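As the structure is a computational prediction, the values presented were derived from the model and not from experiment. When reading the values below, keep in mind they use all heavy atoms of this one structure, side chains included, and skip hydrogens, waters and symmetry mates. Letters A, B, ... are given to chains in the order of the sequence lines, protein chains preceding strands, and every chain is numbered from 1.
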Amino acid sequence: MSGALSGLRVVTTLPPHPWFGGIDYNFAVEMSDELRALGASVFDLHVDGFITQNDVYIHDTIQALKSFRPDVAISLPNALYALQCKTPKHENVFKDILQIPTLMLWDHGLLQLPQQILGPLPATPAEATGGSIRRLRKALDHSLYLHYSPDRGHIAELHRLGVINRDKVRFFLQPAYPNYVRYGYRTPSAGAFRTRVAFAGNVYVKGAQNLPFRNDPDLTAIQARVLAAKKNRLTECLWDLIRAELDALDPSVRKRLRLDPNYTFFWQFMHEEIETVGNTEVRLGVLTGLKRDFDFYGNFVEPDSVATLRDQYRMRFRKCLDYFTELPLLFMNSDVIVDIVNLGYNTGISPKIMGCFACGGLVLFDYKEDFHQSMGDLGDQVMYRSIDHLNSLVEEYLANPRKRRDVSRYLQQRVSAEFNFGALAKRILVEEPAWKK
Amino acid sequence: MISVILYGRNDSHGYNLHKRAAISINCIAEVLSDPDDEILFVDYNTSNDLPTFIEAIYDTLTARAKTRLRVFRVRPQLHARMVERTHLSALEPHSRNIAIRRSNARNRWILATNTDMIFLPCDSVSSLSEAVRDLGDGQYIVPRFELPEPLWESFSRSDPEAVLSACQELGPKLHMHEIAIRAPYMRFDSPGDFQLAPRKALFDIHGFDERMTQGWHADSNMCKRLYLFYGNRTESLAHRVKAYHCDHTRVATLAHRLDIKLENNLQEFVYGVEDPVAHHQAETWGVPDEKIEELDFANDPQSRFVCALERTLAAPQQHDYHSDANETRNFVYYQPEHVLAHLVGNLTVYPPDARFAYAGNNPRMLELTARCIVEMGFSRKLHYVADLLSSSAGPDWAEAIQPATISDLLTSYDLLIFDFGLDPAGLGLGKIARVTDWPREQRYSLGAVARCLEASATASDALSRQGSNRPDFLVLNANHHIFQQFAGQFLISADTPFPTHVRKGIARVGEKRLYGSANWKYTRDLMCSFFAYDQDDHSLRTVSPGDAIDLTSEGDSARYKDGHWGAMDYTGSWIDGYNAAILFVPSADVSDDLVVYVRINEAYFGPEEEPMRLKVFFEGEFLVRWTIYTRFQTTTCKAVLPGRLMASKQACRLEIHAENPQSAERVALASGQKLVNEDPRELSVKIQKVSFTGADRLRYSLSDTLNFIEEGQGLHHINECWTQADGFGVWTLGPEANLVLLLREPAAEPLIATFTITDVAVSEQHPFLDVHVDINGKTAAQWTLGPTRLTDERRILLPDGLPNSDPVLISFHIESPRSPKQLNWSTWDSRPLGFRLTKFRMAPAGSLKYRLGEIIDLTDSGNSTAFVGDYLGTEWALPDQYGSWTVGTLATMKVPFERPPTAGVPASFVISDCMVADSAPALPVRVRANGQLVGEWTLGPDREVHRRSVNLPAEIVAGAEELILTFEIPAPRSPASLGWNSDSRLLGMRLARAVIGRADIAIPVFGKPTMAPRKLITRIIGLPGFALHVSRILARRALRWWQER
């Protein structure tokens, strides 16, 4: 097959299919298929056999991989999975056995990578252990690992913490996954999930209430101050706000709570505060500030919380959508999608944003510098800096359908041409092949 | 006299199509009176899945209409061949030409009209036939009067006489008659609704112009050409016929929109026409050489449907059939007699010469289908894929095929029938509790059907890209559960009602194809689990030492599995039921025993948290019982497969019987989950791998030390009642743990087994752990472990007769195992632990009899086991290089004499330490021989190595076979109490050596041999290196501190 990646022999990772509702698996399959469509010879490496340390599978697969003679590996859909491919002797298949360059595409790596590498993270400060930075550096800083992050903020922070030098991590704007690009070329099924204003995503109402360190008054106070700060400064990332709060702590308290990056509890605290508490509180804060009625889709993580959303927050919960077949239709058939980018991102955006644009939707989300830098001033047309700003943008787009079409079409064209996974693959494998150096 | 030409398709075009068409056709038939008169309806491009439009309304047509009607079916394939590009689904010129070509040659006139027209002969004539009988050649048009929707909808569609009367009466009454004129060649508006011309003239001008594929004006074109043909004349027949049009624009079709008018070019096809003859299509108009399918309403499959079913089924249903739309137990079964009607109901839309093929392994369904196809009048027998029908020979009504390639299958048939049902006849199955109650060959045959379906769907995509015809697909028993998901991956088909058990569709091709999503992976795994979907060849494989069977979805275990194997995923295969078997062919070159290791990575516990109990049988013979104590921890179980049971066998069966599988439904309900449907699973363990080794793996050479830490050789010898090994060893799990050894050579002398125990499940509340040790069923020792958790060594002198050539089975019975949770070591770990074994060694014990004057060495390299072995760990501490401490208030030494003393003898001892300190400077010790006090010592305040002696009087030892020396220490002390360390054991003195029969005993040099003194120059030369070494250590520590700070 001819194509931009013709002649390349690539190993890709496929995550265990039940994980995260199958979403990671599906993404990886699609991305892998996209590489094939671009002409690459692809070896799909199922990670699940490594997770269970299935020695028969591991042995056979390594033999097959050696026969395949790959040029390069790509960890799909993100860098976590390449790290999982270890033999019973703790050798990594890519860097230790095949010794091939491995492209590590991060998602929100600042939180995910420590969780994976240092995990299981302790539930309380008392269980914390030290040496986190060294372990992170040891796991990530290898000459055969070529890191790519969709968040300049993450790159800077991990550099500052001494985990990995900023020169060793390349930036990419999170791409739209192939499925969403394909939907962009389709006629939407008329009326499917037709809405005026909608939000599609997750909140973790119960999870945020049930954190194991909830009972510590110091930790609870930190959380309260951070959330108050975020409310006033919506565009500042939660990571920075928490770090500032921790820096201002009395050193003895900080030491007692093990809130130092070198301790494992720090990473647990940051992960839970940002992913669980932040994503819940900040999203609910923005959504309850919306003046327009909106439909709430998603929440597949906590289906039991639907009643709380309905009764306590007065939200009109519709249903949990399939990420691959139904969510694109919601994007395509909604006048405006409102989003609060996963708070795990500091300056970058999530794939959902790009997916929405790719299939022709219009999503309004909180300001992210990386998106601005890549899209230019027009990017500012879809980013809000406060809840009032969001409300005015919603009204503007609802009142002016032509503007809505103009902006969404422009962004759809940019995403489909420049910021989809195929384009990213061409860039990192062929046009800027850092792995060959 | 007259052939009336109509066309249409079964697509609900416009408003209330069925009613207006029935009114129109019935009314037209009502005004035809000549015996040769006919109504030709061309059903153009109706989807192959549907009956023709006329069939759809046939029940509403009058008998008169039915006798006049001839229906021609132009299938989509012909449409695609005839017309390259059009936005229209039905093409007027082509339809009408096909009808004209095939009209009754005896009829002089052709009337082109539409299925929304009502013709009312005027007073002077009684019928349409009469109205045209005396007309001269020419083109005749009549004006069209519009009937609003409420009016014609009030008519009875099956009563044309009443409709005609109503038109006659209401036309004037309601002021319906307005004549709209048009250009002279058309005469009136909408001439296409009554366009009468001689048949011959239409043949002369080669019919309607088939270049007109964009809609509209075909009638105008014909008007213009006939006008030219007849010398610039178009006649009116308004004086004899009134034409009423049933309006239907309540729903605007694409043809009736004013904003988008897709139409043929008026200039080209009407205004500019100068030649009436369509020379360009002289030979081709109306596809004269094409055999157009003409419906036979008396004898077609549709008409024979009921009769054919009755004849095929013969006996009527005697009782209700029952099925369950949530069925997950016996979901491979359906009632063939019930399903037949729904299956063949899908066949009536095919032409009588249609070709059907069956891919399945359900003889009953195949027989019924084949017979019914013949009864329905199809001209070709049902074909079946012979390789897929393994249950029995095919019926006479059907014909076996062996397609060389999938492509052959696809290109040779119009419909492929895939059957996911099985026939229980003759299998004696009884009540089916789970799908695996079906024989594996039956189940696996469905995997072959599934593979055939997948291959067919995949090949359809290739055919589609080539533009070739593709067959339809019909699947039986794919309305729920696994097969529904499976079929959906490859087919686009409607979600039909469950009781039909039939879904018809087409293969997913092009963009409609689905990638292998997580949902598909889940379905695929289940298909592989139960139906060997991933494996073509199920023949048994030869197993040799070193082979392993991967029971995860990454492996190919189906060929080995039989019985109650449940769902399989990437972590392993569940045993779901009571009896799961592994089948294999023993390697011919294996004459010895095989050891099978079964790696279990999950056990399914019920609400009571009882361990899972399994029994293992090989070739029907009970081998061993396994007990699984942990839910998620990996457990490796072991069984020795006797070589005698494998000798000369072509197949062997290793069965795992689950004694207490747990109902998934019960567990779910107990944990507060809500269940929507029944969950019939009864789960026990999930197995990741079964591996085989030679018995050599269990061989043991005397004096070897077995290690039980990760990857240690000792792990091969333990049974399943141990935890996973870590860097320290393995813990016993539950009350019965064991290890087995096959001695490489029989022992010629007594043996000592030494166990290094590095931890015990004890705490302050539970300070001791009793362990009963059996060797090959005989009691070998009773241990009391604890209260400390320090490294301990226990030695057992093997009973007489052990070991022999049989396996040595060392069993540990733990009276009361305790969980880390119970001991407050953990908040969650509920594993029932006993002690942690780190090393094991079995070595010759040397002479077990004592020769007077020999030294008894109580240091760790000594020979004291024969004399203190039974008390080691309880009364004597683990020996070290300085000797062995007494533990507690009593320490015993048992000395069997080789030759009993004849008189009194002295006994001397080297004491290397004692529990004294400034705070407790004296330690009293009483020494007894065979119960008689023979000495009283007070040790301390020094802790120096020293000698002590006692005399053993003749009345105690003379002639005695055995001497029992006891050291009583009324006030033992712990090192902790003396502030030495944290050791809480109550110790007394440390004995290094003992001798009986001699008063003298030498004090040994303890510990490592001293090094030869080094010369000063050597020391000086070594200084830089030493400094470097020290600095490296310091630097490493500093670096570590820096990183972890």
Side-chain angles (χ1 to χ4, degrees), chain A residues 14-34 36 44-61 88-89 123-124 127 129-138 162 178-179 182-183 185-186 212 260 262-263 322-325, chain B residues 488 510-526 546-557 567-573 597 599-602 632-634 636 672-674 686-692 710-711 724-725 826-828 1039-1045:
Chain A
L14 295 188
H17 69 280
W19 286 16
F20 202 54
I23 289 178
D24 272 7
Y25 180 85
N26 289 350
F27 275 144
V29 170
E30 289 203 335
M31 293 157 97
S32 172
D33 284 351
E34 184 79 1
R36 281 189 191 85
D44 287 331
L45 179 66
H46 290 265
V47 175
D48 44 23
F50 292 93
I51 305 289
T52 56
Q53 287 292 285
N54 180 342
D55 50 4
V56 180
Y57 168 77
I58 291 172
H59 174 268
D60 293 350
T61 301
K89 291 182 178 169
T124 59
E127 300 166 76
T129 55
S132 297
I133 299 297
R134 179 178 51 82
R135 287 169 64 195
L136 288 171
R137 189 165 50 235
K138 189 178 172 194
N179 182 53
R182 275 202 303 277
Y183 265 90
Y185 292 97
R186 290 179 188 167
D260 180 296
N262 207 32
Y263 283 98
D322 182 273
Y323 204 98
F324 293 85
T325 57
Chain B
E511 280 211 333
K512 300 287 183 189
R513 293 184 74 189
L514 300 179
Y515 64 89
S517 68
N519 284 341
W520 162 243
K521 182 86 167 66
Y522 177 74
T523 302
R524 187 181 186 283
D525 284 353
L526 290 177
D547 287 346
I549 305 168
D550 180 356
L551 279 96
T552 71
S553 51
E554 305 292 353
D556 60 347
S557 57
M568 171 174 64
D569 63 16
Y570 68 95
T571 61
S573 295
Y597 292 90
R599 185 175 157 110
I600 292 172
N601 57 10
E602 191 174 343
F632 295 114
Q633 182 191 287
T634 300
T636 301
Q673 294 178 42
K674 289 177 191 166
K686 185 189 264 185
I687 297 180
Q688 187 193 61
K689 187 176 74 166
V690 174
S691 53
F692 298 86
E710 279 174 306
E711 298 185 19
Q724 263 185 301
S826 157
T827 54
W828 56 270
L1039 187 65
R1040 192 165 180 170
W1041 173 83
W1042 177 256
Q1043 286 170 344
E1044 294 186 3
R1045 73 195 189 279

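Proximity to chain B is limited to the side chain of A:D33, based on heavy atoms less than 4.5 angstrom apart. No part of B:E710 comes within reach of chain A, as not one of its non-hydrogen atoms sits under 4.5 angstrom from that chain. For A:D55, the part sitting under 4.5 Å from any heavy atom of chain B is the side chain, from C-beta outward, and nothing else. Proximity to chain B is limited to the side chain of A:R186, based on heavy atoms less than 4.5 angstrom apart.
For the atom pair CG (A:D60) and CG (B:D556), the distance works out to 9.0 Å, reported to the nearest 0.5 Å. A distance of 11.5 Å separates CD1 in A:I51 from OG1 in B:T571, rounded to the nearest 0.5 Å.
Shortest non-hydrogen contact noted between B:R599 and A:T52 is NH2-O, 3.9 Å. For the residue pair A:G22 and B:A518, the shortest heavy atom distance occurs at CA-CB, 3.5 Å.
Ranked by heavy-atom pairs under 4.5 Å with chain B, the list A:P16, A:G49, A:G162, A:A28 is led by A:P16. Counting heavy-atom pairs under 4.5 Å between each of B:G516, B:A548, B:G555 and chain A puts B:G516 at the top. Taking A:E30, A:R135, A:R182 one by one and counting their heavy-atom pairs under 4.5 Å with chain B, the maximum is reached by A:E30.
By the neighbour-count criterion of 12 heavy atoms within 6.0 Å, atom OH of A:Y185 is sparsely surrounded, having that number or fewer from other residues, nucleotides or ligands. More than 12 heavy atoms of other residues, nucleotides or ligands shown are found within 6.0 angstrom of OH on B:Y597.
Inter-residue side-chain proximity for A:H17 and B:D525 is flagged as met; some heavy-atom pair is nearer than 4.5 Å. Between B:K521 and A:Y25 there is a side-chain heavy-atom pair separated by less than 4.5 Å.
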